[in-house]
Amino acid sequence: MNIVLETKRLFLIRPTEYYLEELYQLHADPKTNLYNPAGPQKEIDETKEMLNEWQTHWSQYDFGYCLMIEKESETMIGMCGLKYKTLDGNIVLNLAYRLSPKYARKGYTKEACQALIQYIKKVQRIDNRIVAHTKINNIPSIQTAKSLGFSRDEQYDNFEATGDVYLFENI
């Protein structure tokens, strides 16, 4: 495993093809893509292309989206991470997270995101503003972002598409 960070219950690792099937299952699950405008992935080739994009970001910047591996079971339970995104002419860090429903509501996402944000700010010394982009009806995602200390900026509502909501880290 190519471990980036370790938390109390998780290993956060760089994404690899070893977990391609699990990553596909996560992104093909209608439950984990309920609020994804593109919907669930239909072919593993879509996941492979996404994984390649993630790996390219890692190669360029030495950080990016990670796979969440539960220590106890050694199971891939989700993904989370930060990557560069241009928003309204500014380069921000997009915080993304997706978790298998079996592991939801147990604090895994918050645990992983807190560790990654601290890593980016203190180890990588990257100080771009961090944003969580979701949909207005994605209450679990909004609650996660708020639990991480993010606040909604209503001037960005519907910015890229109808129903969009942007929550920014409080600095």
Side-chain angles (χ1 to χ4, degrees), residues 1-29 31-33 35-36 41 47-87 90-134 138 140-151 166-171:
M1 258 189 283
N2 193 350
I3 299 171
V4 175
L5 288 172
E6 182 176 345
T7 70
K8 182 179 177 182
R9 300 178 295 167
L10 299 168
F11 292 118
L12 304 177
I13 67 168
R14 284 178 73 152
T16 67
E17 286 197 27
Y18 179 82
Y19 291 98
L20 182 62
E21 180 61 35
E22 290 93 332
L23 198 56
Y24 170 67
Q25 293 303 320
L26 181 70
H27 285 83
D29 184 342
K31 291 177 188 169
T32 64
N33 286 276
Y35 304 101
N36 183 349
Q41 293 179 350
T47 310
K48 188 171 177 113
E49 184 178 322
M50 178 187 71
L51 178 61
N52 288 337
E53 290 171 10
W54 293 3
Q55 290 171 326
T56 298
H57 191 278
W58 267 99
S59 295
Q60 290 177 328
Y61 304 109
D62 201 30
F63 75 93
Y65 293 159
C66 295
L67 304 181
M68 297 166 49
I69 309 297
E70 185 187 45
K71 285 181 180 179
E72 185 177 320
S73 66
E74 297 184 358
T75 301
M76 191 204 89
I77 65 170
M79 62 72 62
C80 68
L82 296 151
K83 75 171 191 167
Y84 286 118
K85 169 188 176 104
T86 301
L87 178 66
N90 298 302
I91 297 176
V92 297
L93 292 172
N94 184 69
L95 176 65
Y97 37 86
R98 181 161 286 149
L99 189 67
S100 170
K102 178 180 175 182
Y103 298 92
R105 305 186 61 80
K106 297 181 181 177
Y108 285 110
T109 302
K110 184 176 179 181
E111 180 179 326
C113 290
Q114 283 176 324
L116 284 168
I117 290 169
Q118 183 176 16
Y119 171 76
I120 287 295
K121 292 189 171 293
K122 295 194 174 163
V123 176
Q124 293 279 19
R125 297 180 186 209
I126 298 170
D127 62 359
N128 294 65
R129 196 164 186 205
I130 300 174
V131 63
H133 174 201
T134 190
N138 190 348
S141 182
I142 292 170
Q143 288 175 332
T144 297
K146 285 182 175 181
S147 77
L148 291 164
F150 284 56
S151 298
Y166 290 83
L167 296 104
F168 292 88
E169 75 173 316
N170 293 323
I171 301 173

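A quick note: this is a predicted structure, and the numbers were derived from the prediction, not measured.
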Visitor: If I take atom CG from residue L5 and atom CZ from residue F11, how far apart are they, to the nearest 0.5 angstrom?
Guide: 11.5 Å
Visitor: Test of understanding: with salt bridge (Lys or Arg N to Asp or Glu O under 4.0 Å), list the residues that count as partners of K85, not counting sequence neighbours.
Guide: E160
Visitor: Does K102 pair with E70 as a salt bridge, N-O distance under 4.0 Å?
Guide: no
Visitor: Should we say atom NZ of K71 is surrounded by more than 12 heavy atoms from elsewhere, each under 6.0 Å from it?
Guide: yes
Visitor: Donor-acceptor pair, E111 side chain versus T7 backbone, under 3.5 Å?
Guide: no
Visitor: On a heavy-atom basis, which atom in C113 and which in L95 lie closest, and how many Å separate them?
Guide: SG-CD1, 3.9 Å
Visitor: Could you tell me whether the side chain of Q41 and the main chain of Y24 form a donor-acceptor pair under 3.5 Å?
Guide: no
Visitor: Any side-chain heavy atom of N90 sitting closer than 4.5 Å to one from R129?
Guide: no
Visitor: Work out which heavy atom in S100 is nearest to a heavy atom in T32; give both atom names and the distance.
Guide: CA-CG2, 4.4 Å
Visitor: Look up atom OH in Y18 and atom CG in L23, then write down how far apart they are to the nearest 0.5 Å.
Guide: 14.0 Å
Visitor: Please examine the side chains of K121 and I130, heavy atoms only from C-beta on, and report whether any two atoms are closer than 4.5 Å.
Guide: yes
Visitor: Just wondering, do M76 and L26 contact through their side chains at under 4.5 Å, heavy atoms?
Guide: yes
Visitor: Please check if the number of heavy atoms outside Q60 that lie under 6.0 Å from its CD is greater than 12.
Guide: yes
Visitor: Rounded to the nearest 0.5 Å, what separation is found between the SG atom of C66 and the CG atom of L10?
Guide: 11.0 Å
Visitor: Taking ring-ring contact (aromatic ring centres under 6.0 Å, His included) as the definition, give me every residue that meets it alongside H57, ordered by chain and number, with sequence neighbours left out.
Guide: Y61, F63, Y84
Visitor: Only counting residues at least two apart or in another chain, list the ones meeting ring-ring contact (aromatic ring centres under 6.0 Å, His included) with Y97.
Guide: none
Visitor: Which is it for L20 and K48 under the side-chain contact (heavy atoms from CB on, under 4.5 Å) test, yes or no, and what are the steps along the way?
Guide: CA-CA 7 Å; L20 182 62; K48 188 171 177 113; 4.3 Å; yes
Visitor: Identify the heavy atoms of P101 and K31 that sit nearest to each other, and give their distance.
Guide: CG-CB, 3.9 Å
Visitor: Just how far is it from atom NZ of K146 to atom CG of N170, taken to the nearest 0.5 Å?
Guide: 11.0 Å
Visitor: What residue among L116, L51, N94 forms side-chain contact (heavy atoms from CB on, under 4.5 Å) with Y65?
Guide: N94
Visitor: So, taking the atom named CD in Q143 and the one named CZ in R105, what distance separates them when rounded to the nearest 0.5 Å?
Guide: 7.0 Å
Visitor: Enter the distance from L99:CG to Y108:OH here, rounded to the nearest 0.5 Å.
Guide: 9.0 Å
Visitor: Specify the closest pair of heavy atoms between L67 and W54, including all atoms of both residues, with the distance to one decimal.
Guide: CD2-CZ3, 4.1 Å
Visitor: Would you please test Q25 and E21 for side chain to side chain donor-acceptor pair (under 3.5 Å) and show each step?
Guide: CA-CA 6 Å; Q25 293 303 320; E21 180 61 35; 2.6 Å; yes
Visitor: What pair of heavy atoms forms the shortest contact from Y103 to S73, and how long is it?
Guide: OH-OG, 4.3 Å
Visitor: Would Q118 and Q114 count as a side-chain contact (heavy atoms from CB on, under 4.5 Å) if you check the C-alpha gap in whole Å, the side-chain angles of each, and the deciding distance to 0.1 Å?
Guide: CA-CA 6 Å; Q118 183 176 16; Q114 283 176 324; over 6 Å; no
Visitor: Applying side-chain contact (heavy atoms from CB on, under 4.5 Å) to V92 and Y166, what does each step give before you reach the verdict?
Guide: CA-CA 12 Å; V92 297; Y166 290 83; over 6 Å; no
Visitor: Please check: side-chain N/O of N2 versus main-chain N/O of I13, any donor-acceptor pairing under 3.5 Å?
Guide: no
Visitor: Please find the pair of heavy atoms, one from R14 and one from S59, that lie closest to each other, and give the distance.
Guide: NH2-N, 4.1 Å
Visitor: May I have the step-by-step check of side-chain contact (heavy atoms from CB on, under 4.5 Å) for E169 and L93, ending in yes or no?
Guide: CA-CA 10 Å; E169 75 173 316; L93 292 172; over 6 Å; no
